[in-house]
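Structure record follows, encoded as structure tokens.
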Amino acid sequence: MSRTLSTLISASIAALAMLPAVAHLQELPATAVITSTAALDYRMNERIVQVPAGDGGVTLETTVFQPNGAGPFPLIVINHGKDSGRPSLQSRDRFYHMASAFVKRGYAVMVPMRQGFSKSGGRYRDHGCDMTANGYTQAEDIRSTLDYARSQPWIDAERMVVAGQSYGGLATIALGTESLPGVRGLINFAGGLRDDSDRCAWRSQLVAAFGEYGARAKLPSLWMYGQNDSLFGPELAGRMHASYAQAGGRGRLVEFPSFKRDAHGMLASRDGEKVWLADTERFLKEIGMPTAVVVDVAAPPSQPRTDFASVDAVDAVPFLSEHGRRAYREYLTKMTPRAFAVSPSGGWTWAEEGEDPEGRALATCSAKSRDPCRLYSVDDYVVWTDGRLEQAEKAAATASTAPLPGATPATAVSEPTTSVGSTTVR
């Protein structure tokens, strides 16, 4: 079934510097409220709010990012996909890289987890192979998020846009069949839903669903699908868009070249902005939404490079058994961003792609290792320094406050005799 790359939470906090072209500085707040879910990133005033949805007091766990100040800010709502397995076990989605680009442009960002997902209330509602009904049902929670946003004084209720990735893209286009005051357009990133159960012709069902949505569409839309999308390739994307457009829907399809190993995860990658930003800015201008950068959001602080060894010097990595050295050789084939962590007991972890691979590697290694873990390598260089286990203890303490990776683009974990590897997209 359809999936987005799962994301995890960065605990980094950094001082910010003003760029010459920006109007004001995104400052670090003096105080903040920490929720029990994880540390939040205050460079973008990240917080979690509970959005009312449906009947019976159900609320949606919703991540909010915004610039400093009282607003009102234009709004983008970004909608998530679906992992395999139980929706309640799915990690909180943040779409950090996309959110950062929009906060820089003065937007507030809301990322709601729909009913039954993560820590949201209610139950996951599934209509099996009926893709049309699936899209409509998931759209109900997006509408609830918009209703909540309109009631907030920090939101400009006349300037809103809705985006979604994978299952969230299907739901976003389904939402566009409704009258949505203040919403000016929709953005569909690799939208769809895959169902490999018996007797489910899910591709044809998707084409039919987008045809119905197109016949009832009330808003312009932008569609973006990649050449090497593992779920919705060019042929299917073309059929879905043609069905939508021929039924009367207004939507421009952008078919971008192959992106890394799988274009379906483009939105979760720090390199994805190079793909989606230009066409998104063009669309935003067309619907009267702002595109100028007005806020500087500093990047997370980078690990300092050391001269301990070259990154490809496998024998220089401390503590590793031969099994661990084989894992490090495998790590050297992974895409950046990536990170490799080790512990004195011989444990190791690598993580690649997605959000905060350094934090994921440290958190997982610290959870699995008897001794504190430290980063050895980041991207294409070594960050290790000898004789500083007190730093390892600090790193382990910090990592212990971060959630364990749920589904990550790629993560491997080991103590000296065991290893676990996973690749999960949604």
task: Quick one: list whatever passes side chain to side chain contact (heavy atoms under 4.5 Å, CB included) with R329, sequence neighbours left out.
output: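 Partners of R329 by the side chain to side chain contact (heavy atoms under 4.5 Å, CB included) criterion, ordered by chain and then number, come out as V314, E322, R325, R326.
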Is the closest side-chain heavy-atom distance between [X] and [Y] below 4.5 Å?
X: M160; Y: R150; result: yes
X: F308; Y: Y376; result: yes
X: R203; Y: F232; result: no
X: D279; Y: M224; result: yes
X: R159; Y: R184; result: yes
X: I48; Y: V64; result: no
X: W348; Y: C365; result: no
X: V207; Y: L236; result: yes

Which atom names give the shortest non-hydrogen contact between [X] and [Y], and what distance separates them?
X: H97; Y: S269; result: CD2-C, 3.7 Å
X: V103; Y: V295; result: O-CB, 3.7 Å
X: F189; Y: A163; result: CE1-CB, 4.2 Å
X: E61; Y: R92; result: OE2-CD, 3.6 Å
X: G54; Y: S144; result: N-OG, 4.1 Å
X: D126; Y: N134; result: OD1-OD1, 3.6 Å

Look up atom [atom1] in [X] and atom [atom2] in [Y], then write down how far apart they are to the nearest 0.5 Å.
X: F95; Y: S100; atom1: CZ; atom2: OG; answer: 15.0 Å
X: Y167; Y: T172; atom1: OH; atom2: OG1; answer: 12.0 Å
X: H264; Y: L231; atom1: NE2; atom2: CG; answer: 4.5 Å
X: L75; Y: D156; atom1: CG; atom2: CG; answer: 9.5 Å
X: S118; Y: H80; atom1: OG; atom2: NE2; answer: 8.0 Å
X: L186; Y: L222; atom1: CG; atom2: CG; answer: 10.0 Å

TODO: Applying side chain to side chain contact (heavy atoms under 4.5 Å, CB included), run through F283 and I187 and close with a yes or a no.
DONE: CA-CA 9 Å; F283 177 69; I187 309 176; 3.9 Å; yes
Can you check side chain to side chain contact (heavy atoms under 4.5 Å, CB included) on E330 and W350, steps first, answer last? CA-CA 9 Å; E330 181 184 2; W350 57 257; 3.8 Å; yes
Exercise for the section: Kindly state each residue pair satisfying ring-ring contact (aromatic ring centres under 6.0 Å, His included) with at least one member in residues 125-149, sequence neighbours excluded. Expected result: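 Residue pairs with at least one partner in residues 125-149: Y136-Y213.
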- Cationic tip of R47 within the cone over W154's six-membered ring, i.e. under 6.0 Å and within 45° of the normal?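 Here R47 passes the 6.0 Å and 45° test against W154.
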#### Entry: Ring-face cation contact, Y107 with R105, 6.0 Å cut, 45° max
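No, cation not above the ring by the 6.0 Å, 45° rule.
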Within the side chain of [X], is there an N or O that forms a donor-acceptor pair under 3.5 Å with the backbone of [Y]?
X: Y124; Y: R86; result: no
X: Q227; Y: S258; result: no
X: N79; Y: A171; result: no

Any side-chain donor paired with an acceptor under 3.5 Å for [X] and [Y]?
X: S369; Y: D371; result: no
X: D141; Y: Q115; result: yes
X: D262; Y: N228; result: no

Next item on the list: Start with the C-alpha gap between D229 and F259, add the side-chain angles, then the distance that decides, and say whether side chain to side chain contact (heavy atoms under 4.5 Å, CB included) holds.
Entry: CA-CA 8 Å; D229 190 305; F259 180 80; over 6 Å; no
(message) E352 and side-chain hydrogen bond (donor to acceptor under 3.5 Å, both in side chains): which single residue from K334, R261, R338 fits?
(response)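 Single side-chain hydrogen bond (donor to acceptor under 3.5 Å, both in side chains) partner of E352 among K334, R261, R338: R261.
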Problem set entry | Listed partners of Y331 passing ring-ring contact (aromatic ring centres under 6.0 Å, His included), at least two apart |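 Once residues adjacent in sequence are excluded, the partners of Y331 under the ring-ring contact (aromatic ring centres under 6.0 Å, His included) criterion are Y328, F340.
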Under the ring-ring contact (aromatic ring centres under 6.0 Å, His included) test, residues paired with Y244 that sit two or more places apart:
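With sequence neighbours excluded, Y244 shows a ring-ring contact (aromatic ring centres under 6.0 Å, His included) to W223, given in chain and number order.
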Next item on the list: Step by step, work out the side chain to side chain donor-acceptor pair (under 3.5 Å) result for R374 and T385.
Entry: CA-CA 10 Å; R374 290 172 56 194; T385 56; 3.2 Å; yes
Exercise. Just do the side chain to side chain contact (heavy atoms under 4.5 Å, CB included) check on Q138 and L170 with the steps written out, would you?
Key: CA-CA 9 Å; Q138 296 299 306; L170 176 70; over 6 Å; no
Item to complete: If a pair satisfies disulfide bond (SG atoms under 2.5 Å apart) and one of its residues is in residues 44-115, list it, with sequence neighbours excluded.
Response: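 Sorted result for residues 44-115: empty, none.
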Quick one: disulfide bond (SG atoms under 2.5 Å apart) pairs with a partner in residues 54-137, sequence neighbours left out?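 For residues 54-137, and leaving out neighbouring residues, the disulfide bond (SG atoms under 2.5 Å apart) pairs sorted by first residue read C129-C200.
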- Task: Apply side chain to side chain donor-acceptor pair (under 3.5 Å) to S221 and N188, showing your working.
- Result: CA-CA 7 Å; S221 58; N188 167 19; over 6 Å; no
Checking Q50 against T62 for the side chain to side chain donor-acceptor pair (under 3.5 Å) test, could you report, in this order, the C-alpha distance in whole Å, the side-chain angles of both residues, the deciding distance, and whether it holds?
CA-CA 6 Å; Q50 299 299 323; T62 302; over 6 Å; no
Review point. Does the pair E140/R114 count as a salt bridge with the N-to-O cut at 4.0 Å?
Key: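 Answer for the salt bridge query: no.
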